[in-house]
Amino acid sequence: MGFVEELRWRNLLHDITPETEELLNKEMVTAYIGFDPTADSLQVGNMSQVMTLLRFQKAGHKPIAVVGGATGMVGDPSGKSVERNLLTPEVVQFNLEAQKKQIAKFLDFDCGANSAEIVNNYDWFKNFSFLEFIRDVGKHITVNYMLAKDSVQNRLENGMSFTEFSYQLVQGYDFYWLWKHKGVKLQMGGSDQWGNIVTGTELIRRIEGGSAHALTTQLVKKADGTKFGKTEGGAIWLDPKKTSPYKFYQFWVNTSDLEAAMHIRTFSMKNKEEIEAIEKEHNEAPHLRKLQKALAEEVTVRVHSEEALKRALETTEILFGSSFEEFKKLDGEEIEGAFDSDVTYRVSKEIFLNGTEPVGLLGADTQIFPSKGEARKTIQGNGVSLNKEKLNLERKISADDLLYGKYLLVQKGKNKHFLIIAN
RNA sequence: GGGGAGAUAGUCAAGUGGCCAACGACAACAGACUGUAAAUCUGUCCUCUUACGAGUUCCAAGGUUCGAAUCCUUGUCUCCCCA
């Protein structure tokens, strides 16, 4: 199955310039995708683009990831309704290094002709003066052309700085430079990048009469069309320090059937037959959640590691699989290891001496709830469990409730677990 | 430049002197049912609080009034129509 055909099957293809597919079927092509260093880690949404590069490489082509040391200094207006604050050069540099490491985990940099590369567009912009740029590049594109882009049109009402307006030209020049110096013939990206990408192909055509291609993919969305990759606690990051592997795994396991079917096409390297087999198995015994688990396992291993997945599975087993009787069999080290630091709270043992009110413990002594009122409301709504037993307001919590004289297992809702350690 | 409409909680959107912490819808969170799913039903949903209650809200600042989201003044911003 060809690269484009593959994307089509996975429902990932959004738009493609004519003859691109023929070109890809004919020869090894070098293509790039740009990454904006707006944060110090990629999040799951960005990951679909890295997967596109990976698929591209597996199809026998050469992928290049461009980190935006230059473009990141300017700021892409696409999809933004208001002018953004500029990042300082130090932040851009820091973010870019972090993202580079993450992207590197996905691709193969040592497989001969189609080895992947990561380059930084700052390298070809740093010695390019403003005057040179507006003479050598700006002269080839009319303002009329740039003005027609959606990313600009959407901002005409509320205003847009010259800086952001010029963004498409800066990104367009990237494409030109890569085309000229690295033989890149194709730029890919999310569907919001179409305008920026074709400014590049236009530049190549006007400066040198060359031809280059564009291909965009569907932006990942939830089943209801809302933003993907956000949870109550915020975005899901690839950086294990920002989103623990356990949380990461849980994010995928928790998706609905509909979304899991969509996402496995986007984020799994499994082929059509394998995915369809898993779906069939899932539909025969949906309660086993085969689809979600297959997705979560594969993605967790790719982003983190086998070892991280193993730990995430162990934690899942401890928190979801077992009764309190089984939980009690674990030793202290195993219990503490199962909880991330942001769901672990330490309190003084003394507060349990005469028994303590659940509201105070959960809403004040710990930050499991933001206030006592919140804690009370959720407890009243039957939403809190202590050591796997539903909690009510009258229930006093005493030293007898502490496992090993130290641990208290708290659940908020069905799947948010907390550990209180009494010292 | 002239004329008109508007700004209400995360979003949309009622409310036009006391019954307003403010109808309703969506989102979000929780419960039941399930499969850590969906759909459905139920509860919560400005903040804090020992279900009492307290505090701060309806663009901003002043004012009228016993009492204002609602009336008046000024300012800021948005939208529409005519030039």
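Numbers restart at 1 for each chain; the letters A, B, ... are given by sequence-line order, proteins then strands.
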Enquirer: If you check the A:Gln292 side chain, which of B:G35, B:U49, B:G31 turns out closest?
Expert: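 Closest of the options to the side chain of A:Gln292: B:G35.
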Enquirer: Just how far, in rounded Å, is C1' of B:G35 from CG of A:Leu258?
Expert: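 Going from A:Leu258 (CG) to B:G35 (C1'), I get 16 Å.
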Enquirer: Measure from CD on A:Gln380 to C1' on B:U49 and round the result to the nearest Å.
Expert: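 Going from CD in A:Gln380 over to C1' in B:U49 covers 12 Å.
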Enquirer: Shortest non-hydrogen contact from A:His417 to A:Val343?
Expert: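 Closest pair (atom of A:His417, atom of A:Val343, distance): O-CB, 3.4 Å.
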Enquirer: Grab the two heavy atoms, one from A:Leu12 and one from A:Arg265, that are nearest each other, plus how far apart they are.
Expert: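 So the minimum-distance heavy-atom pair works out to CD1-O, 4.0 Å.
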Enquirer: What nucleotide, of B:U44, B:A37, B:C48, holds the atom closest to the side chain of A:Lys377?
Expert: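 That would be B:U44.
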Enquirer: Write down the partner of B:U50 under the Watson-Crick or G-U wobble criteria, each distance required to be under 3.5 Å.
Expert: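 Its partner: none found.
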Enquirer: Does B:U34 have its OP1 or OP2 closer than 4.0 Å to a side-chain nitrogen or oxygen of A:Lys414?
Expert: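 False: A:Lys414 side-chain N/O out of range (4.0 Å or more) of B:U34 OP1/OP2.
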Enquirer: Looking only at side-chain atoms of A:Val253, point me to the closest of B:A37, B:U36, B:G31.
Expert: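 Of B:A37, B:U36, B:G31, B:U36 is nearest to the side chain of A:Val253.
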Enquirer: Considering only the C1' atoms, how many Å lie between B:C81 and B:A30, rounded to the nearest integer?
Expert: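 It works out to 50 Å between them.
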Enquirer: On a whole-Å scale, what distance lies between the P atoms belonging to B:C29 and B:A54?
Expert: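 Here B:C29 and B:A54 have their P atoms 33 Å from each other.
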Enquirer: Quick one: A:Lys396 NZ to B:U50 P, roughly how many Å, whole number?
Expert: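 Rounded to whole Å, this separation is 13 Å.
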Enquirer: Which nucleotide, if any, forms a Watson-Crick or G-U wobble pair with B:A30, using both distances under 3.5 Å?
Expert: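 Base-paired to B:U42.
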Enquirer: Between B:C59 and B:A5, how many Å separate the two C1' atoms, rounded to a whole number?
Expert: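 Here B:C59 and B:A5 have their C1' atoms 16 Å from each other.
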Enquirer: Rounding to the closest angstrom, what is the interatomic distance between B:U16 and B:A22 at atom C1'?
Expert: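 Comparing C1' positions in B:U16 and B:A22 gives a spacing of 13 Å.
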Enquirer: Take atom CG of A:Leu295 and atom C1' of B:U36, then tell me their distance rounded to the nearest Å.
Expert: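 To the nearest whole Å, that distance equals 14 Å.
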Enquirer: Looking at A:Arg205 and A:Glu202, is there a salt bridge between them, counting it only when a charged N and a carboxylate O are closer than 4.0 Å?
Expert: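 Answer for the salt bridge query: yes.
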Enquirer: So if I take every side-chain heavy atom of A:Arg376 and compare against B:U36, B:G35, B:U50, which nucleotide ends up nearest?
Expert: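 Between B:U36, B:G35, B:U50, the one nearest the side chain of A:Arg376 would be B:U50.
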Enquirer: If you measure from the C1' atom in B:C33 to the same atom in B:A38, how many Å do you get, rounded?
Expert: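 Between the two C1' atoms, the distance is 12 Å.
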Enquirer: For the pair made of CG in A:Leu393 and C1' in B:U50, what is the distance, rounded to whole Å?
Expert: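 Taking CG of A:Leu393 and C1' of B:U50, I get 10 Å after rounding.
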Enquirer: How far, in whole Å, is B:C19 from B:U73 if one measures between their P atoms?
Expert: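 Result for the P pair: 25 Å, nearest Å.
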Enquirer: Can you tell me the distance, in whole Å, between the CG atom of A:Asn283 and the P atom of B:G35?
Expert: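 Answer to the nearest Å: 16 Å.
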Enquirer: Has the side chain of A:Asp257 got a donor or acceptor that lies under 3.5 Å from a partner of the other kind on the base of B:G35?
Expert: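 It does, because a donor-acceptor pair links the side chain of A:Asp257 to the base of B:G35 below 3.5 Å.
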Enquirer: Need the pair for B:G75. Rule: Watson-Crick or G-U wobble, both distances under 3.5 Å, any strand; none if unpaired.
Expert: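 Across all strands, the one nucleotide that pairs with B:G75 is B:C59.
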Enquirer: Let me spell it out: for each of A:Gly373 and A:His287, pick the nucleotide of RNA chain B with the closest heavy atom. Which residue's pick is nearer the 5' end?
Expert: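 Counting from the 5' end, the first nearest nucleotide belongs to A:His287.
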Enquirer: Does the distance from a Lys or Arg side-chain N to an Asp or Glu carboxylate O, for A:Lys62 and A:Glu117, drop under 4.0 Å?
Expert: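 Salt bridge: yes.
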Enquirer: Please report, rounded to the nearest Å, how far the P atom of B:U44 is from the NZ atom of A:Lys412.
Expert: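 After rounding, the gap between these two atoms is 19 Å.
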Enquirer: So what does A:Lys290 touch, heavy atoms closer than 4.0 Å: a base, only the sugar-phosphate, or nothing?
Expert: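 Here A:Lys290 touches no strand at all.
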Enquirer: Ignoring the backbone of A:Ser371, work out which of B:C48, B:A37, B:C45 is nearest its side chain.
Expert: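 Ranking B:C48, B:A37, B:C45 by closest atom to the A:Ser371 side chain puts B:C48 first.
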Enquirer: Are A:Met146 and A:Gln168 close enough that some pair of their side-chain heavy atoms sits under 4.5 Å apart?
Expert: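 Heavy-atom side-chain distance check passes, below 4.5 Å.
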Enquirer: Scan every strand shown for a Watson-Crick or G-U wobble partner of B:U11, both distances under 3.5 Å, and answer none if you come up empty.
Expert: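 When the pairing criteria are applied, B:A25 turns out to be the nucleotide that pairs with B:U11.
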Enquirer: Does a side-chain N or O from A:Thr316 land closer than 4.0 Å to OP1 or OP2 of B:U36, or not?
Expert: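 No, no such contact exists.
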Enquirer: With rounding to whole Å, what would you report as the distance between B:U44 and B:A37 at their P atoms?
Expert: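 Approximately 23 Å lies between the P atom of B:U44 and that of B:A37.
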Enquirer: Once hydrogens and angles are ignored, does a donor-acceptor distance under 3.5 Å link the base of B:U50 to the side chain of A:Glu357?
Expert: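 No, the side chain and the base share no sub-3.5 Å donor-acceptor pair.
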Enquirer: Taking atom P in both B:C80 and B:G18, compute the distance separating them and give it to the nearest angstrom.
Expert: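 Pairwise P distance, B:C80 against B:G18, rounds to 34 Å.
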Enquirer: Would you call the rings of A:Phe162 and A:Phe165 parallel, tilted or perpendicular, where under 30° means parallel and over 60° means perpendicular?
Expert: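 The rings of A:Phe162 and A:Phe165 sit tilted, inter-plane angle from 30° to 60°.
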Enquirer: When we call it a touch if two heavy atoms are under 4.0 Å apart, what does A:Asn415 touch: a base, just sugar-phosphate, or nothing?
Expert: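 Base: the residue A:Asn415, judged by heavy atoms under 4.0 Å, touches a nucleobase.
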Enquirer: Rounded to the nearest Å, what distance is computed from the OH atom of residue A:Tyr246 to the P atom of nucleotide B:U36?
Expert: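 So the OH-P distance, A:Tyr246 to B:U36, works out to 13 Å.
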Enquirer: Knowing that exactly one of A:Gln193, A:Arg55, A:Gln49 qualifies, which makes a side chain to side chain donor-acceptor pair (under 3.5 Å) with A:Thr217?
Expert: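 The option that passes is A:Gln49.
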Enquirer: Can you figure out which of B:C48, B:G31, B:G35 approaches the side chain of A:Glu374 most closely?
Expert: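 For the A:Glu374 side chain, the nearest candidate turns out to be B:C48.
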Enquirer: Starting at the 5' end of RNA chain B and moving along, which residue's nearest nucleotide shows up first, A:Tyr249 or A:Lys372?
Expert: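 Mapping each residue to its closest nucleotide by heavy atoms, the 5'-most match is A:Tyr249.
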Enquirer: Should the ring pair A:Tyr173 and A:Tyr176 be called parallel, tilted or perpendicular, given that the plane angle runs from 0 to 90° and is split at 30 and 60?
Expert: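 Rings of A:Tyr173 and A:Tyr176: tilted, as their planes differ by 30° to 60°.
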Enquirer: Would you say B:A30 has OP1 or OP2 under 4.0 Å from some side-chain N or O of A:Lys416?
Expert: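 A:Lys416 to B:A30 OP1/OP2: side-chain N or O found under 4.0 Å.
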Enquirer: Strictly by Watson-Crick or wobble contacts shorter than 3.5 Å, is anything paired with B:G1, and which nucleotide is it?
Expert: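 Here B:G1 is engaged in a pair, and the nucleotide opposite it is B:C82.
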